[in-house]
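Please read the structure below before turning to the comments.
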Amino acid sequence: PQSCTPPVLNRCTGDLSARMADLPFFDGKAVSSRGAAKKKGGKEDKTAFIARTQAQRQARQANKQQVDAAEKIQSFVRKTRALQGVREDVARRLEEALQEGGGRKSWKDMGNILRLLFFSTSSSPPPPVLSSVVSSLVECITQPSSPSSSDAYLLVGASKEVGVLALQLRRICGAMVKALDSYRWSLAGETGPVCTLLLKSLIVVTDPAQWKGAPPGSSKA
């Protein structure tokens, strides 16, 4: 049978169907053109924000490294100055200890002199200071102790303080060897008298047969 729909209505319906077919399928998520533009702009802002944050972080790290380096340098300078001040004070006390009393030093006095010597310098002691200390030590070792000298250096060290005596002698021998090495073991020139004294003293200190007033068994030290 012939359709009862007017021809004009059929034509309009066909055109509408064709236009609907060209439209995108709706998935239930409506996004306006304004929202899409805002989303696109936000993505660009995020990239710039990340770059700016990284640059700021790097600048803070570099600044922190500079501050840490400056603080370390300042701390080192303060410690060096403080240590230098302490060593100068110890050197002054060492000079006073060498001049105090005169003559042979007791076990206590000589031990104090050696401790001050080892603490006053970080490397080889100055030649005059080392020579004075070595001369006092050799005097304590080579001269016999009187019967009343119960506190004589060698008598106390070789009988009651063998371990301390051995440590002191090893350290003073090491100081003498370092000094001789710095002078190239030369017996001529300006350092000749100092080297001669140190060599003779080194032989005396390391040879218990030359020790006077030491009790039996002192060679073990």
Side-chain angles (χ1 to χ4, degrees), residues 80 83-221:
T80 302
L83 184 59
Q84 182 64 26
V86 172
R87 283 178 175 165
E88 290 177 355
D89 180 66
V90 172
R92 177 184 56 79
R93 292 169 55 189
L94 173 60
E95 184 177 356
E96 294 176 353
L98 287 169
Q99 297 176 357
E100 184 178 357
R104 281 184 299 172
K105 307 297 182 183
S106 65
W107 166 258
K108 182 179 179 181
D109 293 338
M110 196 66 226
N112 183 51
I113 289 173
L114 292 174
R115 283 191 296 270
L116 291 173
L117 173 69
F118 300 142
F119 188 77
S120 62
T121 55
S122 58
S123 56
S124 298
V129 176
L130 182 59
S131 299
S132 299
V133 174
V134 169
S135 298
S136 296
L137 178 63
V138 170
E139 185 179 4
C140 292
I141 291 177
T142 56
Q143 293 187 8
S145 302
S146 61
S148 60
S149 300
S150 59
D151 61 343
Y153 176 76
L154 191 57
L155 180 62
V156 176
S159 59
K160 301 178 182 179
E161 301 289 348
V162 177
V164 177
L165 176 64
L167 177 61
Q168 291 177 351
L169 296 183
R170 280 198 300 266
R171 295 192 67 179
I172 194 65
C173 287
M176 286 191 284
V177 171
K178 286 183 179 179
L180 287 168
D181 185 64
S182 64
Y183 302 147
R184 299 184 181 275
W185 300 78
S186 176
L187 301 180
E190 297 180 355
T191 59
V194 177
C195 289
T196 302
L197 172 64
L198 294 180
L199 281 172
K200 291 181 178 179
S201 302
L202 190 61
I203 294 173
V204 171
V205 172
T206 55
D207 183 11
Q210 301 188 44
W211 298 358
K212 306 299 182 181
S218 59
S219 59
K220 296 180 179 180

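For the residue pair Gly111 and Gln168, the shortest heavy atom distance occurs at CA-NE2, 3.7 Å. Summarising the geometry of Ala179 relative to Leu130, their closest heavy-atom pair is CB-CD2, 3.6 Å, with the distance given to 0.1 Å. Minimum heavy-atom separation, Ile141 to Trp211: CG2-CD1, 3.0 Å. Closest non-hydrogen pair, Val205 versus Cys173, comes out as CG1-SG, 3.6 Å. Taking every heavy atom of both residues into account, Trp107 and Leu165 meet most closely at CH2-N, 4.0 Å.
Considering CG of Leu155 and SG of Cys140, their distance stands at 12.0 Å, rounded to 0.5 Å. In this structure, CG on Leu117 lies 8.5 Å from CE on Met110, to the nearest 0.5 angstrom. Rounding to the nearest 0.5 Å gives a distance of 4.5 Å between CG of Leu202 and CE of Met176.
Residue pairs meeting the side-chain hydrogen bond (donor to acceptor under 3.5 Å, both in side chains) criterion with at least one partner in residues 198-208, sequence neighbours excluded, are Asp207-Gln210.
The residues Arg92 and Asp89 are annotated as salt-bridged, a charged nitrogen and a carboxylate oxygen being separated by less than 4.0 angstrom.
Here the side chains of Leu114 and Tyr153 are in contact, with some heavy-atom distance below 4.5 Å. Looking at Leu94 and Phe119, their side chains never come closer than 4.5 Å, going by heavy atoms from C-beta outward. By the 4.5 Å heavy-atom criterion applied to side chains, Leu197 and Val138 are not counted as neighbours. The side-chain heavy atoms of Asp151 and Asp109, taken from C-beta on, include no pair separated by under 4.5 Å.
With sequence neighbours left out, the side chain to side chain donor-acceptor pair (under 3.5 Å) criterion links Ser132 to no other residue. Among residues two or more places apart in sequence or in another chain, the salt bridge (Lys or Arg N to Asp or Glu O under 4.0 Å) test is passed with Arg115 by none.
Lys105 places a side-chain N or O within 3.5 Å of a backbone atom of Leu98 that can act as its donor or acceptor partner.
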